[in-house]
Protein chains: 2
Amino acid sequence: MSKNKKLCLRLVREGESHVTAEQVWEAARKEVPGIVMATVYNNLNALAAEGLISRIQVANTKDRYDRTLSPHFHLVCDRCGSMRDLMELPVPTEQMDLLLEGDRYSLELIAHHICKSCQEAPL
Amino acid sequence: MSKNKKLCLRLVREGESHVTAEQVWEAARKEVPGIVMATVYNNLNALAAEGLISRIQVANTKDRYDRTLSPHFHLVCDRCGSMRDLMELPVPTEQMDLLLEGDRYSLELIAHHICKSCQEAPL
DNA sequence: TATAGATTTAGAATAATTCTAAATCTATAA
DNA sequence: TTATAGATTTAGAATTATTCTAAATCTATA
């Protein structure tokens with residue numbers, strides 16, 4: 001594991017949850033001033049592919065990277081894209097299992113809202 | 001309602017469900033040869049804003065437009081982006097309501113899989 | 001020390017969608 | 001009919017997050 005990859009992993013683990021590649025890059029630059037976005041993307045995506053972090057993709061928002069690996073759902077602000085974890089809601093999957101007859105699937109549950117600070121912000 | 005807007009509405013209502021703007025454009029061109037993508041986007045998004053059709057946005061897929069207005073969930077192929085409706089699964093919302101204390105939210109449930117034809121296709 | 005493979009860099013490319021400003025159309029009022 | 005304001009459409013540029021490419025550099029081992 002390269003120095004930069006380790007750094008990316010640490011920053012995702014230590015920073016706030018649901019960081020964007022840009023946020024990781026900003027933090028990484030403090031330790032490796034010349035580091036480039038492509039490197040951060042490379043490493044974050046590699047880490048996600050290896051299952052060391054998770055990558056959360058929601059339409060109209062920047063991809064986010066998360067240290068939490070266990071499946072859970074998200075609350076996303078449609079205005080600023082900020083993301084919070086939801087406790088794992090018990091989504092009943094029996095009907096899905098029946099419908100898909102053994103076909104593998106993964107569930108993504110997103111609750112959309114306008115977060116407090118956006119509600120209070122003008123415009 | 002302009003001629004083109006009516007046309008877009010009809011094409012979403014008559015075509016297959018979950019059409020992309022591009023598919024609507026292809027169909028629209030047969031009736032209005034000079035019509036431009038921006039017009040299709042304009043009209044589809046206006047129709048969605050007015051609640052006459054719905055717009056479904058999933059990360060990494062083209063936006064899709066749907067005649068179905070009642071809330072329901074989607075099964076999306078991660079390879080080709082094709083989309084099917086899911087019967088409305090009973091997602092328990094009491095915990096969400098508690099968590100968000102009166103804050104308005106909308107739920108989006110997406111099941112990701114690889115569709116049959118992609119499973120059978122090479123690569 | 002040589003070398004192959006991995007990593008990083010810089011910058012171009014991608015692609016769906018939106019934006020902009022000008023042109024055109026449409027409906028109503030004079 | 002004509003004038004006019006507003007809506008609609010057009011053409012093409014812009015946006016933007018992310019990916020790609022090819023060259024440069026680094027690293028670990030033989």
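Here is how names work: the chains are called A, B, and so on, in the same order as the sequence lines, proteins then strands, and each is numbered from 1. Just so you know, these numbers come straight off a predicted model, no measurement behind them.
With a cut-off of 3.5 Å on both Watson-Crick or G-U wobble distances, the partner of C:dA29 is given as D:dT2. Nucleotide D:dA28: paired with C:dT3 (Watson-Crick or G-U wobble, both distances less than 3.5 Å). If you check D:dA23 for Watson-Crick or wobble pairing at under 3.5 angstrom, you find it paired to C:dT8.
Only A:Ala38, A:Tyr41, A:Asn45, listed by number, bring a heavy atom of residues 24-51 of chain A to less than 4.0 angstrom from any atom of DNA chain D.
Here B:Ile35 contributes atom CD1 and B:Lys3 contributes atom NZ; the two are 8.5 Å apart, rounded to the nearest 0.5 Å. Rounding to the nearest 0.5 Å places CZ of A:Arg55 at 13.5 Å from CG of A:Asp66.
Straight-line distance from the NZ atom of A:Lys3 to the P atom of D:dT25: 17 Å, rounded to whole Å. Going from atom NZ of B:Lys62 over to atom C1' of C:dA15 covers 9 Å, rounded to whole Å. For the pair B:Gln57 CD and C:dA15 P, the interatomic distance rounds to 19 Å; values are reported in whole Å. Look at CG on A:Asn60: it is 12 Å from C1' on D:dT16, rounded to the nearest Å.
Here the shortest heavy-atom pairing between B:Cys115 and B:Cys77 reads N-SG, 3.3 Å.
Regarding contacts with the backbone of D:dT9, a side-chain N or O of B:Asn4 is found under 4.0 angstrom from either OP1 or OP2. Applying the 4.0 Å criterion to OP1 and OP2 of D:dT27, one finds that A:Ser2 has every side-chain N and O outside that range.
Between A:His72 and A:His18, the two ring planes are tilted [angle within 30° to 60°].
Of the possible donor and acceptor atoms, none in the side chain of B:Trp25 sits under 3.5 Å from a partner among the backbone N and O of B:Thr39. At least one donor-acceptor pair closer than 3.5 Å links the side chain of A:Gln23 to the backbone N or O of A:Thr20.
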